[in-house]
Structures are given as structure tokens and as C-alpha cells.
Amino acid sequence: DKNAEAIKKVAELNKKIEAENAQKAKDNQFTTLKSQGLEAFNKSKWEEAKGFYTDAKKIKTDPEIEQKLKDIEVKIAEEIALKSADAQYNDLISEAGKLEASKDYDGAIKKYKEASLKKQNEKLPKDKIEEIEGLKKIAAAQKIIDDNYNDKMKKGGDAFAAEDYPLAIKFFNEANGIKPTEKEPVDKAEQARLKYEAQNIDFKIKYEKMLVAAQSAIDEKNWDKAIDLYNRALVIKKDDPLPKSKLVEIENAKKAEEE
């Protein structure tokens with residue numbers, strides 16, 4: 001039957017057209033997914049790109065897509081590693097800061113060095129190491145001052161306990177010279193002076209005799225003896241302006257002789 005044959009051919013033709021249209025739709029979908037995958041890849045949106053490429057792969061295999069999927073896995077792994085390094089770096093910086101605040105400078109430097117290894121291009125840990133090295137030098141210098149001061153104060157205290165008040169005054173004055181802003185050595189020296197005065201009823205007479213002897217030494221131009229007597233006077237009364245002015249007078253006289 002010619003009519004039946006014609007209907008059959010039309011049906012086959014329609015089927016072929018539908019198949020071609022379906023294939024074109026798949027090809028268009030593939031092209032779109034591949035394009036979207038590339039766009040996401042270029043924007044470093046790895047998971048999004050992976051989704052587009054995986055959907056495209058379901059339509060048909062493509063060597064470029066296979067390579068992109070491999071590249072994406074590498075990028076994701078790198079990102080995870082970088083996030084882990086960031087977290088470790090931040091933890092080390094935080095730990096170092098706490099150690100620095102507690103003045104554990106060696107511990108802080110160690111942590112900053114570890115942080116610097118995690119992120120070698122970061123300037124912060126390098127700057128902090130340099131800064132703390134400076135603080136360590138300051139702390140070491142301060143320790144020498146503190147130790148020297150404490151030693152003088154202890155010796156002054158020991159001399160005071162042994163009732164050797166002039167020696168106690170000497171050490172307390174030396175401590176005051178090391179730390180001029182500290183009140184304790186001044187107070188201790190004054191206590192020792194008062195004790196020494198109470199211990200020696202004729203203290204003032206002896207002190208005046210010392211000044212007279214020192215003046216006689218000046219008159220005789222016996223500079224060394226005069227300097228020794230005035231220095232001894234200052235040990236007893238460090239705030240008396242007379243011995244100080246006399247020592248300056250002697251130095252000027254000695255210079256005039258040398259000229």
C-alpha cells in the first residue's frame with residue numbers, strides 16, 4: 001500500500017529529525033557545560049568547575065575535560081594544604097605573642113621562627129624576631145643593673161646589721177648611684193646616718209675636725225690627702241655641699257698647677 005509506505009517514511013524521517021535534534025541539544029548542553037566549567041576554573045571556583053565538567057563528561061568523553069578534572073583535584077588539594085598552613089601559621093603567631101607578653105623571649109623567638117618557615121614571605125615573624133632580640137639585649141643590660149643594685153643593697157643591709165654604719169652608708173649611696181630614682185637606698189642611707197650619729201655623741205666634732213684637716217691639707221697643697229678626707233666626709237654626709245665644692249676647688253687648683 002503506497003499510503004502506508006508513505007506514512008512509514010514520514011515516521012522514520014520524523015524519528016531521524018528528533019534524534020538529530022536530541023543530539024544537537026546534547027551537543028549544545030555539552031558545549032555550554034564545558035564553557036561554564038572553563039569560566040569557573042578561570043575564577044578559581046574549583047568545586048563549581050568540577051560540577052560543570054563532571055556533568056559534561058556524562059554526555060560524552062573529552063580529553064580536555066579529563067585533564068581539567070585532574071587539574072581541579074590538584075588545585076583543591078593545594079587549597080586545603082594552604083588553608084592548613086594558614087591555620088598553623090596563625091596558631092604559631094598567637095602562641096609566640098603570648099610567650100612574648102610573658103617575657104619568655106627565647107620561646108617566642110622559637111615560635112616566630114616556626115611561623116616564618118610556614119610562610120617564608122611573611123614579614124611579621126621576621127620583624128618580631130628582630131624586635132625581641134633587641135628586647136633581650138635590653139633585658140640583659142637591665143639584669144646587670146638590677147644585680148649590681150641588689151648586691152649593693154644587700155651589702156649595705158649586712159653592714160647596717162653589723163652596726164658598721166659608715167660602710168652601710170657607702171653601699172646605700174652606691175646603690176642610689178645605680179638607680180637614682182629609687183627611694184629605698186636614700187632612706188636606708190639616712191637611717192644609717194642617724195644611727196651613726198646616735199652611736200657617736202661627738203660625731204659633729206669629729207666631722208668638723210675632718211673638714212678642718214681637709215682644709216689644712218689644701219693649704220699645704222697636699223691634694224691627695226685633702227681629696228681622701230673630703231670623700232670620707234661625703235660618705236658620712238653625702239648631701240653636705242661643702243666637701244663637694246672643695247673637691248671641685250682642688251681639681252681646679254691641680255689643673256692650674258699643671259698649666
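Keep in mind that this is a model prediction, so the values were computed, not measured.
One N or O on the side chain of Ser216 and one on the backbone of Val212 form a donor-acceptor pair closer than 3.5 Å. When atom types are taken as modelled, the side chain of Ser116 and the backbone of Tyr112 share no donor-acceptor pair closer than 3.5 angstrom. Tyr53 contributes a side-chain N or O that, together with a main-chain N or O of Leu38, makes up a donor-acceptor pair within less than 3.5 Å. Side-chain atoms of Asn148 never come within 3.5 Å of backbone atoms of Ile144 as a donor-acceptor pair (strictly under, hydrogens ignored). For Ser35 (side chain) and Thr31 (main-chain N/O), no donor-acceptor pair under 3.5 Å exists by modelled atom type. With Asp151 contributing its side chain and Asp147 its backbone, the two residues share no donor-acceptor pair below 3.5 Å.
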Notebook entry, point to check: Should Gln215 and Asp219 be marked as a side chain to side chain donor-acceptor pair (under 3.5 Å) after you check the CA-CA gap, both sets of side-chain angles, and the distance that decides it?
Noted result: CA-CA 6 Å; Gln215 183 60 53; Asp219 295 340; 3.1 Å; yes

Next item on the list: Show your reasoning for whether side chain to side chain donor-acceptor pair (under 3.5 Å) applies to Trp223 and Glu257.
Entry: CA-CA 11 Å; Trp223 309 127; Glu257 279 188 354; 3.1 Å; yes

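Remark: Lys237 NZ is packed, more than 12 non-hydrogen atoms of other residues, nucleotides or ligands lying under 6.0 Å away. Residue Lys126 places its NZ atom among more than 12 non-hydrogen atoms of other residues, nucleotides or ligands, all under 6.0 Å distant.
Ion pairing of Lys225 with Glu220 is absent here, as no side-chain N (NZ or NE/NH1/NH2) approaches a carboxylate O to less than 4.0 Å. Lys119 and Asp86 are joined by a salt bridge, as a carboxylate oxygen and a charged side-chain nitrogen come within less than 4.0 angstrom of each other.
Side-chain atoms of Asp27 and Gln23 form a donor-acceptor pair, as typed in the model, at a separation below 3.5 Å.
Summarising the geometry, atom CG belonging to Asp239 is positioned 8.0 Å from atom CG belonging to Asn173; distances are rounded to the nearest 0.5 Å.
When hydrophobic clusters are built by joining Ile, Leu, Val, Met, Phe, Trp and Tyr residues whose side-chain heavy atoms come closer than 4.5 Å, directly or via intermediates, Leu124 is grouped together with Ile129.
Identified under the ring-ring contact (aromatic ring centres under 6.0 Å, His included) test for residues 125-164, with sequence neighbours left out: Phe160-Tyr165. Here salt bridge (charged side-chain N to carboxylate O under 4.0 Å, His left out) pairs that include residues 157-181, with residues two or more places apart or in two chains, are Asp146-Lys179, Lys152-Glu174, Lys154-Asp158, Lys170-Glu174.
Of all non-hydrogen atoms in Leu211 and Asp240, the two that sit nearest each other are CD1-OD2, 4.5 Å.
Partners of Lys68 according to the side chain to side chain donor-acceptor pair (under 3.5 Å) rule, which considers only residues two or more places apart in sequence or in another chain, do not exist here.
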